[in-house]
Amino acid sequence: MRRPVIVGNWKMHKTSTEAEELAKALVNHLTDLTDDREVVLCPPFTGLKVVFEVIKSSPIKLGAQNLHWEKSGAFTGEISALMLKDVGCSYVIIGHSERRTYFCETNSTVNKKIFAALDQGLIPIVCVGETLEEREKNQTFEIIERQIREGLVGLTHSQALRLIIAYEPVWAIGTGKTATPEQANEVHTFIRYLLAKNFNETVASEIRIQYGGSVRPDNIKSLMSQKDIDGVLVGGASLDADSFTKIVKFKE
Ligand code: 13P
């Protein structure tokens, strides 16, 4: 059984005061959170510590949105896995399409970041997904195949088992255009096939694959009803306590 994992990616939103307020509201709304689902908040770096203080006695976990692959050194503006651990993170998003598009991240940097995260015991949430142009040219599977093969190269089976994969079609992010549950599930099933090919059947059946892209309270149920969708990575709707709570509390 794969435990659903619901992650809020706050992107570049919320000052530390606002982050604290949102985290407090979520802790209050989610006092009855059951352990059949996992909830993770990913504020910007400046909100990590304050959010950790608010959630540390609750079942809600903390994640970051990025990291650098080196342990330390002259890398102005970067943050290491050790620094994330130090402020209470247990997860880190790697290779989000916004990082790939605006900050030149590649499958190769994604790969280095995965190793750095695993080295510190952080759970990597590895993002993959095609652009609208690629989908229209029928290149979706080709792009995903490459992102998985190159992004996960060199991982042992036991390292691969610690990952979460997030399928986020770029055309569905922040556009209000959600992939249909069937469209999303088709790619999730394909990712499982790739995991079986690159690793083995156990890895393929145990890794959790999240969907991301305009997830809202009104579409969570249909997305989660798909057999290969094991959770969601939520952007815009995670910035509001009520809407994120509704998403977290979806009923099958
Ligand atoms: P939206 O939910 O705002 O479409 O963002 C999705 C996303 O990029 C989460 O990482």
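Atoms within each ligand, like the ligands themselves, are counted from 1 in listed order. Below, each value reflects all heavy atoms present in this structure, side chains not excepted, and no hydrogens, waters or symmetry copies.
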May I ask you to list the atoms of ligand 1 that are less than 4.0 angstrom from any heavy atom of [X]?
X      : answer
Gly236 : 1 (P), 2 (O), 3 (O)
Ala172 : 4 (O)
Asn9   : 9 (C), 10 (O)
Leu233 : 9 (C), 10 (O)
Ser214 : 1 (P), 2 (O), 4 (O)
Gly213 : 4 (O), 6 (C)
Glu168 : 6 (C), 7 (C), 8 (O), 9 (C), 10 (O)

Would you say [X] touches ligand 1, if touching means a heavy atom closer than 4.0 Å?
X      : value
Ala237 : no
Ser238 : no
Arg216 : no

- Query: Which residues pass the salt bridge (charged side-chain N to carboxylate O under 4.0 Å, His left out) test with Glu70, sequence neighbours left out?
  - Reply: none
- Message: I'd like to know whether CD of Glu182 has more than 12 heavy-atom contacts from other residues, nucleotides or ligands below 6.0 angstrom.
- Response: yes
- Message: Cation-pi check for Phe250 against Arg37: NZ or CZ below 6.0 Å from the six-membered ring centre and within 45 degrees of the axis, yes or no?
- Response: yes
- Phe45 vs Leu84 side-chain heavy atoms within contact, under 4.5 Å: yes
- among protein heavy atoms, the one nearest atom 5 (O) of ligand 1 is Lys11 NZ, 3.3 Å
- Message: Return the closest protein heavy atom for atom 2 (O) of ligand 1 as residue, atom name and distance.
- Response: Gly235 N, 2.9 Å
- Item | Backbone or side-chain N or O of Glu98 under 3.5 Å from ligand 1 N or O | no
- Message: Checking the N or O distance criterion of under 3.5 Å, is ligand 1 in contact with Gly174?
- Response: yes
- For Thr106, what residues pass the side chain to side chain contact (heavy atoms under 4.5 Å, CB included) criterion, not counting sequence neighbours? Ser108, Thr109
- Check the angle between the aromatic planes of Tyr167 and His188 and answer parallel, tilted or perpendicular using the 30° and 60° thresholds. perpendicular
- Is it true that Arg100 and Glu105 have a side-chain N and a carboxylate O under 4.0 angstrom from each other? no
- Query: Hey, are Lys24 and Glu20 close enough for a salt bridge, meaning a charged N less than 4.0 Å from a carboxylate O?
  - Reply: yes
- Query: Distance only, no hydrogens: is a donor on one side chain within 3.5 Å (strictly under) of an acceptor on the other, for Glu130 and Trp171?
  - Reply: yes
